[in-house]
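Heads up: the structure comes next, in structure tokens.
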Amino acid sequence: MQKKDDFVVTPWEVAGDVDYDRLVEKFGTQHITPEQEKHIEKKAGAKHFLLSRKIFFSQRDLQAWIAQAEKGDKVALYTGRGPSGSTHLGHLVPWLFTKYLQDAFGCNLYFQMTDDEKFLFKDGLTRRQSHELAMENALDLIALGFDHKKTKIIIDTDAIKPLYPLALEVSKRVTLSTAKAVFGFTDQNNIGEIFFTSVQSAPAFLPSEELRNETGNAKANVPVLIPCAIDQDPHWRITRDVADKLGYPKPSAIHCKFMPSLKGAGKMSASDPDSSIYTTDSPEKAEKKVMRAFTGGRATIEEQRKLGGNPDICSVCQYLKFFFEPDDKKLAQRFEDYRNGNILDGENKAYLAEKVKDFLKEHQRKREQARKVVDKFLYAP
Ligand code: TYM
């Protein structure tokens, strides 16, 4: 009998204990191979812990994109954000990796801010609010050190013009029954939600379209690679299905796992602000969240000293793994010490809290500076 999944992953819902191997099977993606990992590392001139720790773990047609880049042909990166609230640390995971890829391959990044999506999907969010959040979230991207000459932020409701013809082409080739099968839509979804996937497909074709307009060569292609968490993959299934029909290269994708909630298993939840750390949290507030986090510890100090803790379910350990302890040796040592009962939760939390506070102070400083340059990043067709 087929195993029943007790988790859900869609672009709008992540629930339960995600089985990533099962997801690769279900979505029809592939694991990143050691050769691909080496290839990227060689090009970058350095390892990235998000790759070596298998946090980026899955891909579609990654090799084709790398091969194109190696040939010296034009390639691009595409990623994005649905501005429904403040940016949390999990969102920064794919963006940091995108920065690493951009530095390695020297290509342009198209970053889509789907303020339209969040307006359509989130009850009570006005268009004005989602647009304001798009501008705020853009500061977080810029604070990571992207170069405006190579990075364009497309806020959908401001810059839909070049996307709209592409979205139309996509939407004409996606039936309602496909949208229902891929995203689980029902008769209760509004019709904007159903159309929206074609807007998220459009930037995958935009770099090719731009080059075609620039050169007059109707066959010019710029393949894109999309770094994101695996929840966004259903959009790429649709995009890849229609790409051939529209005469564009299929986008490649590279997927990461979810930085877990501070409250234990599962993706962070916007409805529980304590489940994640936002880039706009004060360092003190973030520290409190860390001190209240779910851990892999035991009921008493004595038990933990004797039996040790479980770093794999401990959100404090996982925050170190996903973000705050880039040094592999130090991470391995800490996990071992935690497993052996040499490190207790209080100490581990204090260790993480210091790192979180340092990060936030620096990020918030850069974020404020970004206000001065945000206009340079905005895509103006
Ligand atoms: P959004 O705003 O839900 O998420 C932004 C990016 O963060 C990833 N992500 C996470 N990664 C690691 N750990 C987590 N806990 C976590 N939560 C979210 C998401 O996969 C995404 O990469 N519809 C999209 C916006 C979008 C987009 C794109 C995203 C438009 N075009 C192209 C990726 C690529 C959205 O609402 O993302």
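Values below: all heavy atoms of this structure, side chains included; hydrogens, waters and symmetry mates excluded. None of the values given here were measured: they were computed from a predicted structure. Atoms within a ligand are numbered from 1 in the order they appear, just like the ligands themselves.
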Quick check on [X] - does any of its heavy atoms sit under 4.0 Å from an atom of ligand 1?
{"X": "Pro94", "result": "yes"}
{"X": "Lys257", "result": "yes"}
{"X": "Lys118", "result": "yes"}

With heavy atoms only and a cut-off of under 4.0 Å, state how [X] meets ligand 1: side chain, backbone, both or neither.
{"X": "Ile230", "answer": "neither"}
{"X": "Cys228", "answer": "both"}
{"X": "Met259", "answer": "both"}

Looking only at atom types and distance, does a side-chain atom of Asp19 sit under 3.5 Å from a main-chain N or O of Arg22, one as donor and one as acceptor? yes
Do [X] and [Y] meet the criterion of a side-chain donor-acceptor pair at a distance under 3.5 Å?
{"X": "His255", "Y": "Asp233", "result": "yes"}
{"X": "Thr157", "Y": "Asp116", "result": "no"}
{"X": "Glu35", "Y": "Gln63", "result": "no"}
{"X": "Thr98", "Y": "Thr79", "result": "no"}
{"X": "Glu347", "Y": "Tyr338", "result": "no"}
{"X": "Thr178", "Y": "Thr175", "result": "yes"}

Tell me which one of [options] gets a heavy atom nearest to [atom].
{"atom": "atom 3 (O) of ligand 1", "options": "Met113, Glu117, Gln232", "value": "Gln232"}
{"atom": "atom 32 (C) of ligand 1", "options": "Trp236, Trp95, Phe111, Phe323", "value": "Trp236"}
{"atom": "atom 35 (C) of ligand 1", "options": "Gly80, Gly82, Pro83", "value": "Gly82"}

Which atoms of ligand 1 are found less than 4.0 Å from any heavy atom of [X]?
{"X": "Asp231", "result": "19 (C), 20 (O)"}
{"X": "Arg81", "result": "1 (P), 2 (O), 25 (C), 26 (C)"}
{"X": "Ile226", "result": "34 (C)"}

Is it the case that atom CZ in Arg292 sees more than 12 heavy atoms from other parts of the structure closer than 6.0 Å? yes
When you look at NZ of Lys288, are more than 12 heavy atoms from neighbouring residues, nucleotides or ligands closer to it than 6.0 Å? no
Positive for ring pair (Phe, Tyr, Trp, His ring centres under 6.0 Å) with Phe111, one of Trp95, Tyr78, Tyr379, Phe146: Trp95
With a 4.0 Å cut-off on N to O distance, would you call Arg371 and Glu368 a salt bridge? yes
Consider every N or O of [X] and every N or O of ligand 1, then say whether any pair is closer than 3.5 Å.
{"X": "Phe196", "value": "no"}
{"X": "Tyr78", "value": "yes"}
{"X": "Gly90", "value": "yes"}
{"X": "His88", "value": "no"}
{"X": "Gln112", "value": "yes"}

